[in-house]
K.L.:
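Mind having a look at this structure? Questions to follow.
The basis for the numbers below is simple: all heavy atoms, side chains too, and nothing from hydrogens, waters or symmetry mates. We name chains A, B, ... by the order of the sequence lines, and we start the count at 1 in each one.
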Amino acid sequence: QPPKDAHDEL
Amino acid sequence: MNIFRLVGDMSHLLAIIILLMKMWKSRSVAGISGKSQILFAIVFTTRYLDLFTSFVSIYNTSMKVFFIGTSYVTVYFIYQHFKPTYDSNHDTFRVEFLIVPVGGLAFLVNHEFSLLEILWTFSIYLESVAILPQLFMVSKTGEAESITSHYLFALGSYRALYLLNWIYRYYFEGFFDLIAVVAGCVQTILYCDFFYLYITKVLKGKKISLPA
(Lines give C-alpha, C1' and ligand atoms only; values in the text may rest on other atoms or scores of the structure.)
Protein backbone atom coordinates (compact mmCIF):
# COMPACT_ATOMS: atom_id res chain seq x y z
CA GLN A 1 0.00 0.00 0.00
CA PRO A 2 1.53 3.38 -0.95
CA PRO A 3 2.66 5.45 2.06
CA LYS A 4 0.26 7.91 3.70
CA ASP A 5 -0.71 10.86 1.42
CA ALA A 6 0.94 8.91 -1.36
CA HIS A 7 2.84 10.82 -3.97
CA ASP A 8 1.97 14.32 -2.94
CA GLU A 9 5.52 15.19 -4.01
CA LEU A 10 6.72 16.17 -7.47
CA MET B 1 5.37 21.37 2.18
CA ASN B 2 8.66 22.31 3.85
CA ILE B 3 11.56 24.60 3.00
CA PHE B 4 13.77 21.75 1.79
CA ARG B 5 11.20 20.50 -0.69
CA LEU B 6 10.31 24.04 -1.82
CA VAL B 7 13.96 25.01 -2.42
CA GLY B 8 14.44 21.61 -4.08
CA ASP B 9 11.54 22.20 -6.47
CA MET B 10 12.82 25.72 -7.21
CA SER B 11 16.28 24.28 -7.91
CA HIS B 12 14.71 21.78 -10.29
CA LEU B 13 12.73 24.57 -11.97
CA LEU B 14 15.91 26.66 -12.23
CA ALA B 15 17.82 23.79 -13.83
CA ILE B 16 15.17 23.39 -16.52
CA ILE B 17 15.05 27.14 -17.17
CA ILE B 18 18.87 27.35 -17.35
CA LEU B 19 18.89 24.56 -19.93
CA LEU B 20 16.13 26.10 -22.06
CA MET B 21 17.76 29.54 -21.89
CA LYS B 22 21.15 28.07 -22.87
CA MET B 23 19.57 26.41 -25.91
CA TRP B 24 17.49 29.39 -26.92
CA LYS B 25 20.17 32.10 -26.43
CA SER B 26 23.05 30.15 -27.95
CA ARG B 27 20.78 28.54 -30.58
CA SER B 28 22.71 25.38 -29.80
CA VAL B 29 22.34 22.09 -27.89
CA ALA B 30 26.06 21.32 -28.02
CA GLY B 31 27.18 19.28 -25.03
CA ILE B 32 23.64 18.33 -24.05
CA SER B 33 22.68 14.66 -24.00
CA GLY B 34 19.43 14.13 -25.91
CA LYS B 35 19.21 10.67 -24.35
CA SER B 36 19.08 12.05 -20.82
CA GLN B 37 16.42 14.54 -21.85
CA ILE B 38 14.34 11.73 -23.40
CA LEU B 39 14.67 9.81 -20.14
CA PHE B 40 13.50 12.88 -18.19
CA ALA B 41 10.48 13.20 -20.49
CA ILE B 42 9.67 9.53 -19.77
CA VAL B 43 10.20 10.15 -16.02
CA PHE B 44 7.69 13.02 -15.93
CA THR B 45 5.17 11.30 -18.20
CA THR B 46 5.08 8.09 -16.17
CA ARG B 47 5.13 9.92 -12.81
CA TYR B 48 2.43 12.50 -13.49
CA LEU B 49 -0.23 10.29 -15.04
CA ASP B 50 -2.32 11.13 -11.97
CA LEU B 51 -2.30 14.75 -13.14
CA PHE B 52 -6.01 14.57 -13.97
CA THR B 53 -7.13 12.00 -11.43
CA SER B 54 -5.71 13.28 -8.14
CA PHE B 55 -5.53 16.98 -7.25
CA VAL B 56 -3.03 17.88 -4.51
CA SER B 57 -2.71 21.68 -4.93
CA ILE B 58 -2.50 24.39 -7.56
CA TYR B 59 1.26 24.44 -7.01
CA ASN B 60 1.54 20.66 -7.50
CA THR B 61 -0.55 20.64 -10.67
CA SER B 62 1.09 23.68 -12.24
CA MET B 63 4.60 22.35 -11.56
CA LYS B 64 3.68 18.99 -13.06
CA VAL B 65 2.34 20.67 -16.20
CA PHE B 66 5.47 22.82 -16.41
CA PHE B 67 7.84 19.86 -15.99
CA ILE B 68 6.05 17.73 -18.57
CA GLY B 69 5.75 20.61 -21.03
CA THR B 70 9.36 21.78 -20.78
CA SER B 71 10.73 18.23 -20.98
CA TYR B 72 9.05 17.76 -24.37
CA VAL B 73 10.14 21.19 -25.57
CA THR B 74 13.72 20.32 -24.60
CA VAL B 75 13.59 17.04 -26.54
CA TYR B 76 12.05 18.89 -29.49
CA PHE B 77 14.88 21.49 -29.36
CA ILE B 78 17.52 18.76 -29.44
CA TYR B 79 16.07 16.46 -32.08
CA GLN B 80 14.26 18.95 -34.29
CA HIS B 81 14.77 22.66 -33.82
CA PHE B 82 18.49 22.74 -33.12
CA LYS B 83 19.26 19.29 -34.53
CA PRO B 84 22.32 20.42 -36.54
CA THR B 85 24.03 21.35 -33.26
CA TYR B 86 23.22 18.05 -31.56
CA ASP B 87 26.40 16.09 -30.90
CA SER B 88 25.09 12.55 -31.42
CA ASN B 89 28.60 11.10 -31.79
CA HIS B 90 29.27 11.79 -28.14
CA ASP B 91 25.75 10.95 -26.91
CA THR B 92 26.18 7.19 -27.15
CA PHE B 93 25.07 5.81 -23.78
CA ARG B 94 23.02 2.63 -24.23
CA VAL B 95 19.81 3.75 -22.48
CA GLU B 96 18.25 0.30 -22.96
CA PHE B 97 20.71 -0.86 -20.29
CA LEU B 98 18.92 1.55 -17.95
CA ILE B 99 15.30 1.19 -19.01
CA VAL B 100 15.09 -2.62 -18.99
CA PRO B 101 16.56 -3.24 -15.49
CA VAL B 102 14.65 -0.27 -14.06
CA GLY B 103 11.44 -1.57 -15.65
CA GLY B 104 12.04 -5.01 -14.22
CA LEU B 105 12.84 -3.65 -10.77
CA ALA B 106 9.70 -1.48 -10.76
CA PHE B 107 7.67 -4.57 -11.58
CA LEU B 108 9.21 -6.52 -8.68
CA VAL B 109 9.78 -3.87 -6.00
CA ASN B 110 6.91 -1.43 -5.50
CA HIS B 111 4.40 -0.28 -2.88
CA GLU B 112 1.36 -1.69 -4.67
CA PHE B 113 0.99 -3.91 -7.71
CA SER B 114 -1.19 -1.56 -9.75
CA LEU B 115 -0.46 0.03 -13.12
CA LEU B 116 -0.25 3.61 -11.83
CA GLU B 117 1.92 2.60 -8.86
CA ILE B 118 4.28 0.49 -10.97
CA LEU B 119 4.65 3.38 -13.46
CA TRP B 120 5.30 5.79 -10.59
CA THR B 121 7.94 3.40 -9.19
CA PHE B 122 9.46 3.02 -12.67
CA SER B 123 9.65 6.82 -12.88
CA ILE B 124 11.37 7.09 -9.49
CA TYR B 125 13.96 4.42 -10.36
CA LEU B 126 14.51 5.83 -13.86
CA GLU B 127 15.03 9.36 -12.58
CA SER B 128 17.85 8.15 -10.32
CA VAL B 129 19.90 7.06 -13.36
CA ALA B 130 18.53 9.40 -16.05
CA ILE B 131 21.52 11.75 -15.79
CA LEU B 132 24.03 9.00 -16.65
CA PRO B 133 23.99 9.62 -20.43
CA GLN B 134 24.69 13.31 -19.75
CA LEU B 135 27.55 12.59 -17.32
CA PHE B 136 28.87 9.99 -19.77
CA MET B 137 28.76 12.56 -22.59
CA VAL B 138 30.63 15.12 -20.49
CA SER B 139 33.31 12.51 -19.74
CA LYS B 140 33.55 11.62 -23.45
CA THR B 141 33.78 15.22 -24.66
CA GLY B 142 36.17 15.78 -21.77
CA GLU B 143 34.59 19.04 -20.67
CA ALA B 144 31.31 20.91 -20.11
CA GLU B 145 30.36 24.52 -20.83
CA SER B 146 29.97 26.42 -17.58
CA ILE B 147 26.26 26.95 -18.28
CA THR B 148 25.85 23.16 -18.58
CA SER B 149 27.70 22.81 -15.27
CA HIS B 150 25.27 25.23 -13.62
CA TYR B 151 22.39 23.21 -15.08
CA LEU B 152 23.84 19.98 -13.65
CA PHE B 153 24.52 21.57 -10.27
CA ALA B 154 20.93 22.82 -9.94
CA LEU B 155 19.57 19.48 -11.14
CA GLY B 156 21.73 17.47 -8.73
CA SER B 157 20.94 19.81 -5.83
CA TYR B 158 17.18 19.33 -6.23
CA ARG B 159 17.22 15.65 -5.26
CA ALA B 160 19.85 16.26 -2.55
CA LEU B 161 17.41 18.78 -1.04
CA TYR B 162 14.65 16.19 -1.32
CA LEU B 163 16.75 13.91 0.91
CA LEU B 164 16.62 16.63 3.56
CA ASN B 165 12.88 16.97 2.90
CA TRP B 166 12.42 13.23 3.62
CA ILE B 167 14.40 13.50 6.86
CA TYR B 168 12.22 16.45 7.87
CA ARG B 169 8.97 14.62 6.93
CA TYR B 170 10.08 11.48 8.77
CA TYR B 171 10.59 13.33 12.05
CA PHE B 172 7.76 15.86 11.81
CA GLU B 173 5.11 14.03 9.77
CA GLY B 174 6.00 10.37 10.23
CA PHE B 175 6.12 10.16 6.43
CA PHE B 176 8.60 7.66 4.98
CA ASP B 177 8.84 6.26 1.43
CA LEU B 178 11.75 3.80 1.20
CA ILE B 179 11.59 3.56 -2.60
CA ALA B 180 11.87 7.32 -3.10
CA VAL B 181 14.59 7.65 -0.45
CA VAL B 182 16.80 4.84 -1.81
CA ALA B 183 16.45 6.08 -5.41
CA GLY B 184 17.09 9.64 -4.22
CA CYS B 185 20.31 8.54 -2.51
CA VAL B 186 21.50 6.74 -5.66
CA GLN B 187 20.62 9.77 -7.77
CA THR B 188 22.49 12.19 -5.49
CA ILE B 189 25.51 9.90 -5.15
CA LEU B 190 25.88 9.85 -8.96
CA TYR B 191 26.42 13.62 -8.84
CA CYS B 192 29.08 13.55 -6.11
CA ASP B 193 32.03 13.51 -8.51
CA PHE B 194 30.46 16.37 -10.44
CA PHE B 195 29.62 18.34 -7.27
CA TYR B 196 33.27 18.09 -6.20
CA LEU B 197 34.49 19.38 -9.57
CA TYR B 198 31.83 22.07 -9.69
CA ILE B 199 32.76 23.46 -6.26
CA THR B 200 36.51 23.17 -6.73
CA LYS B 201 36.61 24.36 -10.37
CA VAL B 202 33.58 26.08 -11.80
CA LEU B 203 33.16 28.35 -8.78
CA LYS B 204 36.76 29.45 -9.37
CA GLY B 205 36.03 30.34 -12.96
CA LYS B 206 37.64 27.25 -14.45
CA LYS B 207 36.01 24.81 -16.85
CA ILE B 208 35.00 21.33 -15.79
CA SER B 209 36.73 18.35 -17.34
CA LEU B 210 35.71 14.79 -16.49
CA PRO B 211 37.14 12.37 -15.52
CA ALA B 212 38.99 14.62 -13.09
K.L.:
Would you mind checking which part of B:Phe113 comes under 4.5 Å of any heavy atom in chain A, side chain (CB onward), backbone (N, CA, C, O), both or neither?
P.N.:
neither

K.L.:
Relative to chain A, which segment of B:Asp9 carries a heavy atom at a distance below 4.5 Å: side chain, backbone, both, or neither?
P.N.:
side chain

K.L.:
Measure B:Phe67 against the heavy atoms of chain A and call it side chain, backbone, both or neither at under 4.5 Å.
P.N.:
side chain

K.L.:
Judged by atom type as modelled, is there a donor-acceptor pair below 3.5 Å linking the side chain of A:Asp8 to the main-chain atoms of B:Val56?
P.N.:
no

K.L.:
Got a sec: does the CG of B:Leu203 have more than 12 other heavy atoms crowding it under 6.0 Å?
P.N.:
yes

K.L.:
Output the distance between atom NE2 (A:His7) and atom CG (B:Asn60), rounded to the nearest 0.5 Å.
P.N.:
12.0 Å

K.L.:
So how far is it from B:Tyr162 OH to A:Glu9 CD, rounded to the nearest 0.5 Å?
P.N.:
5.5 Å

K.L.:
Quick check for you: among B:Arg47, B:Met63, B:Arg5, which has the greatest number of heavy-atom pairs under 4.5 Å with chain A?
P.N.:
B:Arg5

K.L.:
Under the side chain to side chain contact (heavy atoms under 4.5 Å, CB included) criterion, do A:Leu10 and B:Tyr59 qualify, and how do the steps go?
P.N.:
CA-CA 10 Å; A:Leu10 289 173; B:Tyr59 170 80; 4.3 Å; yes

K.L.:
Is the number of heavy atoms from other residues, nucleotides or ligands within 6.0 Å of CZ (B:Phe55) greater than 12?
P.N.:
yes

K.L.:
Could you tell me which portion of B:Asn165 (side chain, backbone, both or neither) has an atom closer than 4.5 angstrom to a non-hydrogen atom of chain A?
P.N.:
side chain

